[in-house]
Structures are given as structure tokens and as C-alpha cells.
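Heavy atoms only: backbone and side chains are in, while hydrogens, waters and symmetry mates are out.
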Amino acid sequence: MTKKEKLCILCNALYTLASGMSAVFMNVFLYTYTGSLSVMAIYTCIRIAMFPICFTIAGKMARKIHYGITLSIGLMFLVVQLLFVLTCNELFGIYHYYVYIVALFYGIGEGFYYLSLNTLHQLVTTPQTRNTFLGLGGVLNNIASVVAPLMATFIIDVSMDDMNGYINIFKIVVVVFIFMAVIALLINERGNSTEFSVLKCLSFQKDPQWKYVLMTYFIYGFRDSLVLALSGLLVYNATNGSGSLYGKLLACFAFLTILSYMFVSKTMLRTNRMKYYTLGAIFLSTATIVLVVFPNIYGAIYYGVVNAIASAFYSTPLSLISMNALNDYDKQENIVGRVIARETYLSVSRCIGMLFIVLCHSLLPENVYLYVSVITLSLSPIVLVIYSNLYHKKRDAMKSLNQL
């Protein structure tokens, strides 16, 4: 692999480590003060809604500066977000709208970061190195996912109480993000100077392959909204609010994810890709359903184990299919417009999923809304693989006819 590929993997692993220490505990930290799953869903919705806006801004900026700079800008917004949390602290319990300010900074930072990193993944890799890149990246990310909660748990254990532990974690993550911002500047990969139109890329009327990519990410986002907004908090509640036990469970789940990614990277071929995709989708659907039906430690363990193992089977084929499709457009145009369009569809469906949770909370009884919202959104992976299998069968049939 090239130096740029290695730097991208390093940045991704460090981000996984830092966000693994802070992101989940950020939700717990804010939830402790607000006590409302609905408020946390709105918080996540605001955060995700910033993605398409910041994707476009970062993409336009990258036409004149390299992606390492836009990556650093995103990381510095994440530093500002953490500093705001450390400054306000108990004020979140008095002024709930402060939570939404955190979401705003968070969304801007992640928007710049993810657009830059996702585009870099496309630009610095080749079809020959992409499978190795994704496999190694997946393993290192999940090693970081194991280390992060263990480090966080240790910090919580040696602190006066859980809340002080969370604050100490955020301070450490600020330092890691600043260090990452410096490393990111070394990835001197300039964006294509060609003009691009996000609005044009949002359309897919005359391009069946692009329609497939966009609809895939749109459907993918519904179940993803549960992971972003609720599942972590439900697991936390299942541990009776113990930050230490929660961190240890996350570490165990991350270790299983490493094994799963290693297995998938070595055994997945073009011939069995759709089978892996289908199995991953079915088991991921059951994971969140069991978690909400059995909101205890046993449901949490089932969710964590199944989610950890099935994620690699589900997300690796999705990433490969999307990246290979984008590669087809790389020589004809500035693909950043398509990257932004793809992530916009993902963000929209995530927001719809979270708004659906809020709507269910408003219209249904307290003891019913979680069942309805979670079970409905949990079925989206199954819908996705049905759609994907039908598309691939139709495409393969068309190729066979053209060869006759």
C-alpha cells in the first residue's frame, strides 16, 4: 500500500479509538442530564442533518485545497464541540437546548471529516488494493474499538464517579483529535478541480447503477438510525446505568467484530458476496428487535454479539459494491459530487428514521412506541438485501443476453 493509504488507515483507526472513547459516552453523558430518549433522537437528527450541508461545503473547498486540510477542519470542530461540553457540564440539565448546540458542532465536524475521509478512500485506493485496504482498515478499526472502551472503563473506574470519568475521557479525546488534525495535513491529496453538481448527482433517472447505489444507502440508513440514536442507550440501560460494565461489554463486542472482519476479508469472494450480505442483514435485523423486546442484560448481550459478528458480513459487501460502482465514474467526472449525493441519501434516511422514533413517541403510549419504532426500522436490512439480490439477478441476466 502507498503512504497515503497507510495514513488514511491510521487516521481512521485513531478516530475510531477517540470516538469509541467519547461518542457513545457522549450520548450517555447527555442522556444522564436530559433523561429523554426523544431528546436524544432529535439531537442525533440535528447532528446528521448537518452532514449534506457540510459535505457540499467541504467538497467545494477541496477543489482548491487538499483533503488533508478539510479533514483537519472537521477534527477542529469536534474539538470545539468537546470543549463546549466540558464548559457547560451541569447546564445541560437546566437548558436542554444546549444539547442541540452540541449536535450542531458535532454535525459540522463529522460532516467535514467523513466527506474528506470517504473521498480519500476512493482517491488513494485502486481496485487492486481496495479489498486489502478495507480488510486491514476494518481489523485496525476494531482493535481500536476494543481498546477504546477498555481505556474508557479504566478512566471511569479510577475517577470519583461516572460523570467525572466521562469528563476525563473527553479531555483525553480533545488531545487525540488535535494530534490527528496534524497527521491529516500530511495526506496531501488534492481534489479534482473539475466543477461538480450535487443536485445533478442526486438524480438517477437515466442510470440504473447509480440508482442502485443511492437507493442502497437510503435503505441502509433506516436501521442505522437506531444504532446512532437508541441502541447504545438501550444497552446502557440494560446494565442498570453502570458506565464501567457498559464499557467492558463494548470491548467484548468489538473483539468479536475484529474476528468477524478477519474472517470476511479472507473468505468473501465475488461468488459468495451476496450470500454474506443476506446473512448479515437477517441477523442484524434480529439484533435490535431482541434488544427492545428483552430490555435486560441478556437482550443486550444478544444484541452486542450478533451485531458484532453480522456487521462485517453486511457492511463489507455494501462498501465494496459502492466503491466499485463509483470507480466507474472516476475517469469521466469529479466523483466528489457522487460521494456527497450518496452520503446525502444516507443522512436523509437516518433523519427520517429518527423522526419516526420521535413521532412514535408523540403518538403512542410510552410502553408501546419503542416496540413499534425499533421493530419497523430493524426490518430495513432485509428489505435492502431483497432489493440488492433482485438488482444483481436482473443485471446478470442482462449481461448474459448481451453476450449472446
* To do: Start with the C-alpha gap between Tyr67 and Leu71, add the side-chain angles, then the distance that decides, and say whether side chain to side chain contact (heavy atoms under 4.5 Å, CB included) holds.
  => CA-CA 6 Å; Tyr67 277 105; Leu71 194 64; 5.9 Å; no

Minimum heavy-atom separation for [X] to [Y], with atom names?
X      : Y      : value
Ala184 : Ser72  : CB-OG, 3.5 Å
Leu14  : Ile183 : CD1-CD1, 3.9 Å
Leu185 : Gly68  : CD2-O, 4.0 Å
Leu17  : Val147 : CD1-CG1, 3.9 Å
Phe177 : Ala18  : CE2-CB, 3.6 Å
Ala325 : Val213 : CB-CG2, 3.6 Å

* Asked: Are the aromatic ring centres of Tyr15 and Tyr113 under 6.0 angstrom apart?
  -> yes

Within this structure, what is the [atom1]-[atom2] distance for the pair [X] and [Y], rounded to the nearest 0.5 Å?
X      : Y      : atom1 : atom2 : result
Leu370 : Cys360 : CG    : SG    : 9.0 Å
Ser265 : Phe263 : OG    : CZ    : 10.0 Å
Ile53  : Met50  : CD1   : CE    : 4.5 Å
Leu355 : Thr44  : CG    : OG1   : 11.0 Å
Ser322 : Leu326 : OG    : CG    : 5.0 Å

* **Evaluation steps, side chain to side chain contact (heavy atoms under 4.5 Å, CB included), between Met151 and Ile169** => CA-CA 9 Å; Met151 288 179 62; Ile169 289 169; over 6 Å; no

* Determine whether more than 12 heavy atoms belonging to other residues, nucleotides or ligands lie under 6.0 Å from atom CZ of Phe294. => no

* To do: May I ask you to check whether over 12 heavy atoms, not counting those of Met274, lie within 6.0 Å of atom CE?
  => yes

Show me the pairs that pass salt bridge (charged side-chain N to carboxylate O under 4.0 Å, His left out) and involve [range], at least two apart or across chains.
range            : value
residues 40-57   : Arg47-Glu110
residues 368-387 : none
residues 312-322 : none

Side chain to side chain, [X] and [Y], heavy atoms closer than 4.5 Å:
X      : Y      : result
Phe112 : Ile57  : yes
Phe313 : Tyr277 : no
Ile46  : Tyr106 : no
Leu284 : Val306 : no
Leu104 : Phe84  : no
Val175 : Phe179 : no
Tyr303 : Asn307 : yes
Thr257 : Ile309 : no

Residues in ring-ring contact (aromatic ring centres under 6.0 Å, His included) with [X], at least two apart?
X      : value
Tyr212 : Tyr387, Tyr391, His392
Tyr345 : none
Phe77  : none
Phe283 : none

Does a donor on one side chain sit under 3.5 Å from an acceptor on the other, for [X] and [Y]?
X      : Y      : value
Asn164 : Asp161 : yes
Ser349 : Tyr217 : no
Tyr302 : Thr286 : yes
Asp207 : Tyr329 : yes

* Tyr314 and Tyr220: CA distance, side-chain angles, deciding distance, side chain to side chain contact (heavy atoms under 4.5 Å, CB included) verdict -> CA-CA 10 Å; Tyr314 183 59; Tyr220 179 86; 3.3 Å; yes

Examine distances only and state if a side-chain atom of [X] and a backbone atom of [Y] form a donor-acceptor pair shorter than 3.5 Å.
X      : Y      : result
Ser260 : Leu256 : no
Thr56  : Pro52  : yes
Asn168 : Ala152 : no
Asn141 : Gly137 : yes

* To do: Mind running side-chain hydrogen bond (donor to acceptor under 3.5 Å, both in side chains) on Ser311 and Tyr261 for me, showing each step along the way?
  => CA-CA 8 Å; Ser311 290; Tyr261 267 98; over 6 Å; no

* Structure fact -> ring pair (Phe, Tyr, Trp, His ring centres under 6.0 Å) test vs His361 passes for just one of Phe356, Tyr371, Tyr369, namely Tyr369

* side-chain contact (heavy atoms from CB on, under 4.5 Å) with Cys8: which residues, sequence neighbours excluded? -> Leu120, His121, Val124, Phe133, Ile187

* To do: Check the pair Ile167, Lys171 against side chain to side chain contact (heavy atoms under 4.5 Å, CB included), reporting the backbone distance first and the verdict last.
  => CA-CA 6 Å; Ile167 292 170; Lys171 290 177 181 177; 3.9 Å; yes

* Mind checking salt bridge (charged side-chain N to carboxylate O under 4.0 Å, His left out) for Arg342 and listing every partner two or more places apart, or none if nothing turns up? => none

* To do: Could you tell me which residues satisfy salt bridge (charged side-chain N to carboxylate O under 4.0 Å, His left out) with Lys275, sequence neighbours excluded, listed by chain and number?
  => none

Show the atom names and distances, to 0.1 Å, of all donor-acceptor pairs under 3.5 Å that link a side chain in residues 378-386 to residues at least two apart or in another chain.
unit_1	atom_1	unit_2	atom_2	d
Ser378	OG	Thr288	OG1	2.6
Ser378	OG	Val374	O	2.6
Ser380	OG	Arg223	N	3.1
Ser380	OG	Leu377	O	2.9

* So which pairs with a foot in residues 289-299 pass side chain to side chain donor-acceptor pair (under 3.5 Å), sequence neighbours left out? -> none

* Is it true that the NZ or CZ of Arg350 lies under 6.0 Å from the centre of Phe222's six-membered ring and within 45 degrees of the ring axis? -> no

